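Protein chains get the first letters and strands the later ones, always in sequence-line order, with residue 1 at the start of each. Heavy atoms only: backbone and side chains are in, while hydrogens, waters and symmetry mates are out. Treat the numbers as computed from the prediction; the structure is a model and nothing was measured.
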Protein chains: 2
Amino acid sequence: MSNDEKIYQKILKAIVEHQLPPGARLPEDRLSEAFGVSRTGIRKVLQRLALEHFVVIARNKGAQVNHPSEDEALEVLDSRILIEPQLIASLQRHWNKEYSEYFRDLVEDEHQAEHDGDMATQIQATARFHYELAKIAGNGVLAAFVEQLCYRSSLVIAAYGTRSSVSCDCGDHAQLIELLDQNDTQKAQQWMADHLQTIKHSLVLESQEEQLIDFQRLFSE
Amino acid sequence: MSNDEKIYQKILKAIVEHQLPPGARLPEDRLSEAFGVSRTGIRKVLQRLALEHFVVIARNKGAQVNHPSEDEALEVLDSRILIEPQLIASLQRHWNKEYSEYFRDLVEDEHQAEHDGDMATQIQATARFHYELAKIAGNGVLAAFVEQLCYRSSLVIAAYGTRSSVSCDCGDHAQLIELLDQNDTQKAQQWMADHLQTIKHSLVLESQEEQLIDFQRLFSE
DNA sequence: ATCGGAATAATTGTATACGATTTTGAAAGG
DNA sequence: CCTTTCAAAATCGTATACAATTATTCCGAT
């Protein structure tokens, strides 16, 4: 893997795992000295992250971790709701015992991370379950998009999620594997749709109220 | 629009309109003098185009217009087949007379370009019909992905399309508007799926045979 | 004490320089 | 005449320099 790619992965990991919260500034100087490369390489990485909506770059003001709007948050989840259940059908055709065991291991990793209170690992494992699943459906273009949506979902949860957003759904993933093992495509599709809906509705969108409430509190005090 | 963005648009346009064919090399020096900026700005644009799969960059060998593999070509179309019909449902809810007229104008542009033999304009108009339609479904994240898939489709057609790939489907678009005007969501979805299938099957995938045939021809002559 | 406003510091935008790698082309040997 | 080899040209990767813009701090005025 190229050096740029390694830096990209590290920063993305930090964002997705909520180490770098939404709104955090990412000055090129600090990053370049932290990674031991010149600003040139850092800029390249930041621009990539910006295209993928993990950071936003304002002209002459630099990069900061994206704080997705409520619209964006919902659209990311809606996109997954539209795509991922659809992938189940072609996924089911490739399903076999090896996959079943592999994904049970992934679920086990999730449980372990949850038990250890290791939220970063848990977030990664949860996202990975979804996009690894997407990959075996056989369409690399869609799989790449789903992978991006999964990571963006992690960022959405960082912005709007509660503790339950990340942990509540973990036990569930094993249920999907059961359905796939039973070759019950219909139910598996429905499960996936419900699962993503659950995550979507676990988001707390404070809307504009947050700012209004601040004003009101200022006036009332 | 920033200067970078303008350069990006121009190069993308040239690729999508088949002015820069798949495989064409894009040396940074030539581009930088052509656009009157330093290589820095060009590199930024090329790297963006690479992330979006319009060009491929090989280390120390530079950028060239992507020549999509057959797998990639099919996956791009399959992705559209999975997504675009699904968008019809939410699209239909926003449909109104203004949209109807707007899209009839777009179709008229397609016809005009076809009549004038202006393939570049025709390609743009055809892609635009699809992604403008996707936009009014109300999900910006998905719409952006569909837009990218439409442009990638143009590149796929540059690589594997016949003349009929670009022109045969033009008259059709008006039919979809009819169905939307009649509020016949079911048929509109089916139409979209069939339409994209038609495009997919109009591709000629020479597969590995091309190379073999070349050898055979060399021997037989 | 608080609110401008100017000077200074910090940060980004773009160009250029130089080393590294690849490609090209020509000359020498078979 | 063809192949091989090596030098030169072209091209890319990365660092650095300097200009442009933005953020911060400090000072004076109200």
Geometric class of the A/Phe103/A/Tyr99 ring pair [parallel <30°, tilted 30-60°, perpendicular >60°]: tilted
May I have the list of side-chain donor-acceptor pairs in residues 137-148 of chain A shorter than 3.5 Å, sequence neighbours left out?
| from | atom 1 | to | atom 2 | distance (Å) |
| --- | --- | --- | --- | --- |
| A/Asn139 | OD1 | A/Val141 | N | 3.0 |
| A/Asn139 | OD1 | A/Leu142 | N | 3.0 |
| A/Asn139 | ND2 | B/Glu75 | O | 3.3 |
| A/Asn139 | ND2 | B/Ser79 | OG | 3.3 |

All N/O pairs under 3.5 Å across the protein-nucleotides 21-23 of chain D interface:
| from | atom 1 | to | atom 2 | distance (Å) |
| --- | --- | --- | --- | --- |
| D/dT21 | O3' | A/Asn60 | ND2 | 3.2 |

Side chain to side chain contact (heavy atoms under 4.5 Å, CB included) against B/Ala14, all qualifying residues, sequence neighbours excluded: B/Gln19, B/Leu20
B/Glu5 side chain to B/Gln9 side chain, donor-acceptor N/O pair below 3.5 angstrom: yes
Nucleotides bounding contact with chain A, strand DNA chain C, heavy-atom threshold 4.0 Å: C/dT11 to C/dT14
Sub-4.5 Å side-chain heavy-atom contact between A/Val45 and A/Phe35: no
Side-chain donor-acceptor pair present, A/Arg80, A/Ser153, cut-off under 3.5 Å: yes
Shortest non-hydrogen contact between A/Glu28 and A/Leu46, atoms and distance: CG-CD1, 3.9 Å
Worked verdict on A/His67 versus A/Tyr160 for ring pair (Phe, Tyr, Trp, His ring centres under 6.0 Å): CA-CA 9 Å; A/His67 188 303; A/Tyr160 299 107; 5.6 Å; yes
Integer-rounded Å distance: D/dA20 P and B/Asn3 CG: 16 Å
Listed once per pair and sorted, the salt bridge (Lys or Arg N to Asp or Glu O under 4.0 Å) pairs that draw on residues 118-128 of chain A, sequence neighbours left out: A/Arg128-A/Glu132
Of residues 31-44 of chain A, the positions that come close to DNA chain C - non-hydrogen atoms, cut-off under 4.0 Å: A/Arg39, A/Arg43
Note, B/Leu133 side chain near B/Glu84 side chain (heavy atom, < 4.5 Å): no
